[in-house]
Amino acid sequence: MATESTGTLTLMSQDGTKITISRKAARYSQILEDLMEDLCESETELPIPLDAIDGASLAIIVEWCEHHAVAPAEPSDDEDSWSSEDSWYKSRRTRIPEWDAEFLASKDKETIFDILNAANYMNVQPLLDYAIKTLARNLIGMNTEQMREYLNVTNDFTPEEEEKVRRETAWADVTSDFTPGEKEEVRSETY
């Protein structure tokens, strides 16, 4: 429920789980921020349905938002050094703050995927960016088969098609260039 005295919203997941979030924390979600701006106070007193998110994922998103409402992340040195036209380059340079890296490292692969989906649905951009980088780090040094297994992707190529692709893209296979120690070093970098 949202009132001036409590300053909270109640969110309801697809499985009926109700979770309260402070209005300050809710501002990390663009859809919740837009909702608070567009609706009057009495219209946000009812639970806000989030039909695409299960209760466990919603709890994780709220935990992340509440943490950052109390202890905002320090911007990296290069945070504003790129224009919006260079957003791809900026996202490559975004550093994952220590708390966020530890928070995401404590989650298993399936939970990371759930966080990605929930953060995308709720438009919690920093968390989405950090979760994507965490997932990408886990893929460093994997060959195609390992990535397929990790991402649960079915190989729909025939053996002939797969061999043709391997020949055409042999120049891009850098997995053999890493030693096991180097793979871990690259994964642990906060780029």
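In what follows, every heavy atom counts, from backbone to side chain, and hydrogens, waters and symmetry copies are set aside.
Among Ile53, Leu32, Thr17, the single residue meeting the side-chain contact (heavy atoms from CB on, under 4.5 Å) criterion with Leu11 is Leu32.
With a 4.5 Å cut-off on side-chain heavy atoms, Phe113 and Asp108 do not count as touching. A 4.5 Å side-chain heavy-atom check between Leu50 and Ile31 finds at least one atom pair inside the cut-off. The side-chain heavy atoms of Asn123 and Leu128, taken from C-beta on, include no pair separated by under 4.5 Å. Between Thr134 and Arg137 the shortest side-chain heavy-atom distance does not fall below 4.5 Å. Side-chain contact between Met36 and Arg23 is present, with heavy atoms from C-beta onward closer than 4.5 Å. Annotation: side chain of Met122 is in contact with side chain of Ile61 (closest heavy-atom distance under 4.5 Å). Between Ile48 and Met12, every side-chain heavy-atom pair lies at or beyond the 4.5 Å cut-off. Contact of the Asp100 side chain with the Trp64 side chain is registered, since non-hydrogen atoms from C-beta on lie closer than 4.5 Å.
We find the CG-CG distance between Asn138 and Leu151 to be 10.0 Å, quoted to the nearest 0.5 Å. For the atom pair CD of Glu149 and CG of Asn155, the computed distance is 13.0 Å after rounding to the nearest 0.5 Å.
In the model, Asp114 has no side-chain atom that pairs as donor or acceptor with a side-chain atom of Thr111 under 3.5 Å. Judged purely by distance below 3.5 Å, without hydrogens or angles, the side chains of Asp156 and Thr154 never pair a donor atom with an acceptor atom.
For Lys24, the NZ atom sits in a loose shell: 12 or fewer heavy atoms of surrounding residues, nucleotides or ligands are nearer than 6.0 Å.
Side chain of Glu66 to backbone of Ile21: no donor-acceptor contact under 3.5 angstrom is found. Put simply, the side chain of Glu102 never gets that close to the backbone of Trp99: no donor and acceptor are under 3.5 Å apart. Between the side chain of Asp15 and the backbone N or O of Asp54, no donor-acceptor pair lies under 3.5 Å.
By the side chain to side chain donor-acceptor pair (under 3.5 Å) test, Asn117 pairs with no residue at all, sequence neighbours left out. For Glu37, there are no side chain to side chain donor-acceptor pair (under 3.5 Å) partners two or more places apart in sequence or in a different chain.
Ring planes of Tyr28 and His68: tilted class, angle from 30 to 60°.
Between Leu116 and Ala131, the shortest heavy-atom distance links the atoms CD2-CB, 3.5 Å.
A cation-pi contact links Lys107 to Phe103, judged by a cut-off of 6.0 Å to the six-membered ring centre and 45° from its axis.
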(request) Output, in order, the C-alpha distance, side-chain angles, deciding distance and verdict of salt bridge (Lys or Arg N to Asp or Glu O under 4.0 Å) for Glu162 and Arg148. (result) CA-CA 13 Å; Glu162 192 168 347; Arg148 281 188 188 127; 3.4 Å; yes
(request) Given side-chain contact (heavy atoms from CB on, under 4.5 Å), test Ser57 with Ile115 step by step and report yes or no. (result) CA-CA 6 Å; Ser57 298; Ile115 290 170; over 6 Å; no
(request) Would you check, one step at a time, whether the test side-chain contact (heavy atoms from CB on, under 4.5 Å) holds for Val124 with Ser29? (result) CA-CA 5 Å; Val124 182; Ser29 165; 3.9 Å; yes
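In the hydrophobic clustering of this structure, Leu9 does not group with Val70; members are Ile, Leu, Val, Met, Phe, Trp, Tyr whose side-chain heavy atoms approach within less than 4.5 Å, directly or through other members.
The other residues sharing a hydrophobic cluster with Phe157 are Val165, where clustering joins ILVMFWY side chains under 4.5 Å apart.
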